[in-house]
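Some notes on the structure that comes next.
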Amino acid sequence: MQGVFRVIPRSQHSISRKNISNGALRVLYRLHEGGFRACLVGGAVRDLLLGNRPKDFDVATDATPEQVRTLFRNCRLIGRRFRLAHVVFGREIVEVATFRGSSDDGSGDRHLVDGRLVRDNVYGSIEEDALRRDFTINALYYDIADFSVLDAVGGMDDLARRQLRLIGDPQQRYREDPVRMLRAARLAAKLDFAIEPATAAPFAELGALLGEAAPARLFDESLKLFLGGYGLASLHALERHDLLERVFPATARALQTDVDGQFRALLEQTLANTDARVREDKPVTPAFLFAAMLWGPVRLRAQAGIERGADAAGAWSQAVDHVLREQAQRVAIPRRFTLAVEEIWTLQSRFEQRTRKRALRLLEHPRFRAAYDFLVLRRGESAQIDELAAWWTHLQSLGNEALAQEFAATPASAAEPTAAAPAKRKRPRRRRRKGKAATTPLAESAE
Ligand code: ATP
Ligand code: MG
């Protein structure tokens with residue numbers, strides 16, 4: 001089968017060892033010296049060929065995970081669905097995967113349930129390994145034996161054409177793993193590539209399969225989509241391919257019915273800010289992302305409740321519970337994040353209470369910063385919110401003396417809360433059960 005490979009010699013491609021991390025090079029050389037095949041593969045090869053800096057370096061080899069472990073002391077074996085070796089060099093982790101086979105004669109460890117791949121530990125040749133990868137541009141190998149690039153699936157051509165093409169029959173590949181649809185949108189956004197027509201064609205018919213994908217995996221994928229540095233482009237790619245409604249249905253609906261464009265503006269600004277922070281290596285938080293993604297839905301629902309005659313606090317409380325619960329059925333947002341989302345939303349109404357005592361207390365609140373940043377994003381909602389955001393911005397710029405004068409000048413009416421945002425509400429505290437980590441997404445979102 002070696003013949004199916006196009007071998008691009010070192011002189012005809014742009015990958016240089018000086019752009020490969022030390023850890024990855026050490027793993028590649030050690031495997032090679034141990035008599036094994038050793039290649040860089042996946043996103044790293046793709047990104048190096050595009051002249052971008054890879055996020056991480058993955059290695060593929062014909063050594064089994066156990067053989068990898070005997071070569072490296074700094075190595076641990078992980079994964080059940082997909083067994084891998086992690087070789088650790090300080091802060092760098094190099095993922096080493098054994099070539100996967102394409103067919104199962106029954107002797108290996110591969111399981112399909114309703115066409116879905118739930119386990120894949122059948123080892124095989126490098127050619128077979130290429131075929132089970134998702135997109136052609138992700139199936140290129142950089143061989144440490146002679147520094148050539150190996151291409152069995154036309155990945156080099158697709159890189160040149162700047163397009164994502166699924167390997168094999170798209171229908172079958174999406175049925176095996178529906179998350180590949182999201183990966184297509186994400187990589188198209190990140191690389192500014194097109195999705196080749198036959199690769200995008202099944203989205204309409206098979207998008208619904210995402211409803212059956214594991215919510216914990218959709219949470220991970222959501223973070224990659226929106227907190228990976230290309231969040232705004234990812235949102236647009238998901239919308240363009242009608243995939244947003246499969247993962248964030250309420251958000252997609254709210255964007256479609258958003259006549260004045262306020263919710264879109266808030267969400268797009270949030271994602272643009274997030275992308276800028278990622279570029280500057282500043283921390284970003286899932287809670288703020290989800291607070292923005294679900295703000296349109298929660299606001300719509302609360303307003304509908306109020307129009308039906310519910311009191312503002314009750315309508316907001318019901319809307320918050322409903323929207324978070326509904327979203328959790330798709331995407332397992334860990335509880336610590338949904339609690340923070342609630343807090344960011346709940347603090348919005350407290351910004352309206354501008355008495356000295358309350359304002360000073362709010363400034364001390366541990367979640368003040370996130371809630372204030374959110375208020376600033378809401379400025380387009382009304383002249384009142386705009387004025388409120390300006391006031392809080394102003395307040396933070398004042399020294400103690402100026403602060404005292406500020407409150408002497410505050411009009412009494414400004415201290416009255418309105419119904420434009422969720423009111424603080426009391427709810428019984430859940431007791432955390434013993435022995436359960438706070439981050440088990442499935443168990444938590446099911447409640
Ligand atoms: P990124 O730059 O975002 O890390 P990536 O392509 O490296 O992109 P990873 O999730 O790190 O994405 O996956 C590494 C490689 O594993 C991919 O390039 C691809 O070859 C393979 N892969 C990942 N997910 C799948 C999948 N769902 N189905 C088939 N192959 C996959
Ligand atoms: Mg990667």
Side-chain angles (χ1 to χ4, degrees), residues 19-21 23-24 39-61 78-79 81-84 86 92-102 110 112 115-122 124 126-142 149-155 158-159 164-170 172-193 195 199 206 209-210 213-214 216-231 233-234 237 275 278:
N19 296 321
I20 301 173
S21 72
C39 300
L40 212 55
V41 67
V45 179
R46 175 197 75 210
D47 291 344
L48 287 170
L49 287 167
L50 288 169
N52 300 333
R53 197 162 59 97
K55 216 173 51 190
D56 41 43
F57 291 85
D58 296 336
V59 167
T61 179
I78 61 149
R81 195 177 89 91
F82 200 95
R83 265 164 74 72
L84 295 169
H86 274 179
E92 187 187 0
I93 296 176
V94 179
E95 207 167 272
V96 184
T98 307
F99 298 140
R100 255 60 181 181
S102 58
R110 164 173 291 164
L112 281 131
R116 254 180 314 127
L117 207 48
V118 294
R119 215 170 162 93
D120 189 1
N121 290 313
V122 180
I126 185 169
E127 291 87 348
E128 291 173 313
D129 189 74
L131 291 177
R132 61 93 197 164
R133 291 182 179 271
D134 48 8
F135 305 102
T136 60
I137 61 165
N138 283 348
L140 296 166
Y141 297 74
Y142 170 82
V149 169
L150 310 174
D151 178 9
V153 292
D158 286 326
L159 266 186
L164 281 148
R165 185 161 57 87
L166 207 51
I167 299 166
D169 171 47
Q172 184 198 336
R173 300 307 310 279
Y174 291 134
R175 283 185 200 281
E176 278 173 10
D177 181 7
V179 174
R180 287 173 182 150
M181 291 182 258
L182 300 180
R183 288 179 54 84
R186 175 167 72 81
L187 290 170
K190 169 174 163 157
L191 305 172
D192 193 21
F193 272 32
I195 304 177
T199 296
L206 299 184
L209 293 177
L210 281 165
R217 217 175 140 211
L218 291 182
F219 174 72
D220 292 342
E221 197 57 37
S222 299
L223 299 192
K224 289 191 187 178
L225 276 160
F226 297 114
L227 302 184
Y230 302 87
S234 291
D275 292 344
V278 173

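Keep in mind the model is a prediction, meaning the values are calculated, not measured. In this chain, numbering begins with 1 at the start of the sequence shown. What you see below is based on every heavy atom in this structure, not just the backbone, and it leaves out hydrogens, waters and symmetry mates. Remember, it's 1-based here, ligands and their atoms both numbered in the order they're listed.
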Option whose closest heavy atom lies nearest to [atom], chosen from [options]:
| atom | options | answer |
| --- | --- | --- |
| atom 7 (O) of ligand 1 | Gly43, Ala130, Ala97, Gly42 | Gly43 |
| atom 3 (O) of ligand 1 | Arg186, Arg132, Arg46 | Arg186 |
| atom 15 (C) of ligand 1 | Arg100, Lys55, Arg133 | Arg133 |
| atom 25 (C) of ligand 1 | Leu191, Asp134, Asp177, Asn138 | Asp134 |

Looking only at distances, please establish whether an N/O atom of ligand 1 is found under 3.5 Å from an N/O atom of Asp56. no
With nothing but distance in play, are any N or O atoms of Arg183 less than 3.5 Å from an N or O of ligand 1? yes
Would you say the side chain of [Y] lies within less than 4.5 Å of the side chain of [X], judging by non-hydrogen atoms?
| X | Y | value |
| --- | --- | --- |
| Val96 | Thr61 | yes |
| Asn138 | Arg183 | yes |
| Tyr141 | Leu40 | no |
| Leu187 | Ile137 | no |

Should [X] be listed as contacting ligand 1, given a heavy-atom distance under 4.0 Å as the test?
| X | answer |
| --- | --- |
| Asp58 | yes |
| Glu95 | no |
| Glu176 | no |

Side-chain ([X]) to main-chain ([Y]) donor-acceptor, under 3.5 angstrom:
| X | Y | result |
| --- | --- | --- |
| Asp47 | Asn52 | no |
| Arg165 | Asp158 | no |
| Arg173 | Ile167 | yes |
| Arg186 | Phe226 | no |

Could you tell me whether Arg217 approaches ligand 1 through its side chain, its backbone, both or neither, with non-hydrogen atoms closer than 4.0 Å? side chain
Quick one: report the N, O or S atom of Asp56 that is nearest to the Mg ion (ligand 2). OD1
Among all protein heavy atoms, pick out the one at the shortest distance from atom 26 (C) of ligand 1; state its residue, atom name and that distance to 0.1 Å. Arg180 NE, 3.7 Å
List every atom of ligand 1 that sits less than 4.0 Å from any heavy atom of Lys224, numbering the atoms from 1 in the order shown and giving each element. 10 (O)
May I ask you to say whether Asp220 pairs ionically with Lys224, meaning some side-chain N is under 4.0 Å from a carboxylate O? no
